[in-house]
Amino acid sequence: MSKEIKYIKSFLVLFITGFTILMLSSLIWNIYKENQSAYEFAKVEAFASYNKDLLYRRWATMHGGVYVPISETTPPNPYLAFIPDRDIITSTGKKLTLVNPAYMTRQVYDIAEEQYGVKGHITSLKPIRPENKADEWETKALKLFEKGEQEFSSIEQIDKKEYLRYMHSMKVEKNCLKCHAIQGYKEGEVRGGISVSVPMDKYNKIVVAQIKDLTITHFVIYLLILVFGILGYKKILNEILKRNLIQKKILDSEANLQRQNKEYASLNEEYKSQNEELYKAKEKAEESDLLKTSFLQNMSHEIRTPMNAIIGFAGLLNKEELSDEKRKSFSTIIINNTNQLLSVVTDILTISSVETKQEKTTIQKVNINNLIIDLLAIYKTQASSQNISIYVKRQLSDKQSEIYTDNSKVTQILTNLLTNALKFTHNGFIEFGYTLVETKNIASNQAMNLQMQFYVKDTGIGIDSKQQDKIFERFRQADLSITKKYRGTGLGLSISKGFVELLGGKIWVESKPEKGSTFYFTIPYNPIYEDYKTSSGLKQFEKTLTILVAEDQEFNYLFIEEALNDFNLKLIHAKDGKEAIEICKSIPEIDLILMDIKMPVMDGYTAAKIIKEFRPDLPIIAQSAYALGHEIEKYNTPAFNEYITKPINEDELKQKIFKYIKKV
């Protein structure tokens, strides 16, 4: 048995073991999260009930209580006997009694328990009314309040049923002293608390149903991946056996040629060219063998590394003396490494499917703008943690960006490119997006069709021009040192290339070492709405107008870009006031500025005053969250022509812009 076959079999065993651990860990974690969610939802319900009752009390306290008709269920309150006007008779002879906030809250809780099963109780360690005496659980909570805690909650059994018990401290407010000053209350003191008990039955039913669905889903996924893994193993095994057979035939042929050379020395020149060709074929086979061997070694490393962490920390979880904090940390490490292992397996299965032409496309309606924004939301946190800025550019409106294509493949291509950009970029920025381009017939110079040209640009380590063609080959990176330093399977770009070509496009890169890289790929533009089949289907002004948007928040800029997307405007983005000044000095074609006031480095107000000094006729519209009257008045100066408060109204924004644009 060859070493390669041993590697493949070892990999299959490791894959099955690792994937089993992965699925079990995922199921356990999801069950834990479902139970935790049920607890949190019940706590939210209890807190809402507490807030509602507190509002009732505050309202009643503001009015010194309310008068209600005397009845069997609402007799005069003996604890308000010291109030002269506790009981009154109306002009019509109706007898009324004063109900204080506590009396009212108790009756509301009785109704809530009868109708919804939610129990409520007002209590303290020194209750005036015997019925308000705290039980054992409430006593524990009240003692915590005396130490400074604000709330307490836990799952408890009441009448053999499970409840979420929640209690919040209750402080004396100024209006409370109208009735309770005589009892020695002081404003701000913690005098007790409101206890709320929410039945867990409905939440537990939901959790049981969710756990059942999770178990079925994990089992189905497990079976599918296991089947695909075994099929992939058989495919690779067959390829290795075929290659070994070819190598044996080549070696046999070479031996025959050597014997013939001894016998036919006079014909040496005639066979020299044939021998050279065979030698090149041997070199090519050896190079292929070297690449595959290197790949298998890399795969072994990529698989063994997370497996080492999974097996190691899984063993540590069995220690009885392990603290909850360490157990949670070890579980997180196991989950992260199983995800890494699954990513490696997914890449292998995908490239196998692409290479054997078994990969299929699923054409459906896709909103490219939404896809771009979703990816921005996913990668923004990681970029921020690396101190890297990340931006997006979208040329079309949401309606124009709705096309027919394969959503998962476009997403995976962009995901591969963005992941590489973050991996190889240590400072600077990453920008991604798309433009609409026309492909031309070179002979007739006539437009043939429209394509969406995507790009991912970074300021990373770059790629040498000699290596740029190799990076799209399977199992290849720019050089071997990159694999050692940055890790990875070397399959991401090969998979991306396969997907792009499957969708009818092409992929390429422009890069310089230490300057960064820009990866491009195209797909056909097949819009859902045929009205947008032409690139000139946008509303046009008489000329292309340029607007500078000074805004440090990326999503605010995206909103403005989207709001103005249907108009023939060129938008330039500045991240602070200083950058806005520099852009205005270097680009005289700017027709209008949207200036945020609160920005880093230099605020918008200071920047606007400086810009007005060298471009006094340039319209500047302030946009800010400062919405109070004195704040608006403060910035209503010659530095700004208009003022828009946040959140920005789209119609108001367009109206104010067009007020000045039409003059250009």
Side-chain angles (χ1 to χ4, degrees), residues 1-15 228-304 344-345 347-359 464 466-484 488-498 501-502:
M1 183 184 296
S2 69
K3 290 183 179 180
E4 290 176 343
I5 296 175
K6 287 182 179 179
Y7 278 133
I8 294 297
K9 288 190 174 181
S10 298
F11 164 74
L12 182 64
V13 174
L14 287 172
F15 163 70
F228 284 128
I230 294 173
L231 291 176
Y233 161 75
K234 290 183 177 180
K235 179 67 178 178
I236 295 173
L237 196 63
N238 288 335
E239 290 295 325
I240 291 174
L241 293 174
K242 288 180 182 178
R243 192 210 61 206
N244 289 342
L245 182 61
I246 292 172
Q247 286 182 332
K248 185 177 182 304
K249 289 181 178 179
I250 292 174
L251 292 174
D252 292 343
S253 177
E254 187 177 37
N256 290 331
L257 283 173
Q258 289 176 353
R259 287 194 296 270
Q260 289 178 8
N261 284 337
K262 292 179 182 179
E263 296 173 2
Y264 304 104
S266 60
L267 301 175
N268 185 56
E269 290 298 324
E270 180 180 347
Y271 293 108
K272 186 177 181 180
S273 59
Q274 296 180 10
N275 193 47
E276 288 178 352
E277 290 178 2
L278 288 171
Y279 186 74
K280 288 179 181 179
K282 179 174 176 289
E283 280 188 334
K284 189 173 182 180
E286 288 175 348
E287 181 184 6
S288 175
D289 181 58
L290 179 63
L291 280 175
K292 290 182 180 179
T293 301
S294 175
F295 166 71
L296 290 172
Q297 291 172 346
N298 188 32
M299 284 298 99
S300 177
H301 178 267
E302 289 296 313
I303 292 169
R304 288 176 182 273
V344 173
V345 174
D347 281 352
I348 295 171
L349 293 175
T350 302
I351 194 63
S352 175
S353 177
V354 171
E355 290 291 326
T356 58
K357 300 188 183 303
Q358 296 179 14
E359 189 70 23
D464 186 86
K466 296 179 181 178
Q467 304 293 334
Q468 289 178 14
D469 291 334
K470 295 181 179 180
I471 60 175
F472 292 103
E473 299 176 10
R474 56 180 176 170
F475 319 135
R476 296 292 288 265
Q477 290 185 328
D479 57 61
L480 293 177
S481 64
I482 288 181
T483 303
K484 295 177 181 178
T489 62
L491 296 176
L493 290 177
S494 179
I495 291 171
S496 298
K497 181 175 183 291
E501 292 175 350
L502 197 61

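Note: hydrogens, waters and symmetry copies are ignored here, and every other heavy atom, side chains too, is used.
Few gaps surround OH on Y233; more than 12 heavy atoms of other groups in view lie less than 6.0 Å from it.
Annotation: side chain of E254 is not in contact with side chain of I250 (no heavy-atom distance under 4.5 Å). Side-chain contact check for I8 versus L12: every heavy-atom pair is 4.5 Å or farther apart.
In this structure, I471 and L493 approach most closely via the heavy-atom pair O-CB, 3.5 Å.
Comment: R243 does not engage E239 in a salt bridge, judged by the lack of any side-chain N to carboxylate O separation of less than 4.0 angstrom.
Remark: I495 CD1 to E359 CD distance equals 9.0 Å, nearest 0.5 Å. Taking CG of L241 as the reference point, atom CG of L237 lies at 5.0 Å (rounded to 0.5 Å). In this structure, CG on D252 lies 4.5 Å from NZ on K248, to the nearest 0.5 angstrom. Rounding to the nearest 0.5 Å places OH of Y7 at 11.5 Å from CD1 of I240.
Put simply, the side chain of S10 gets close to the backbone of K6: a donor and an acceptor are under 3.5 Å apart.
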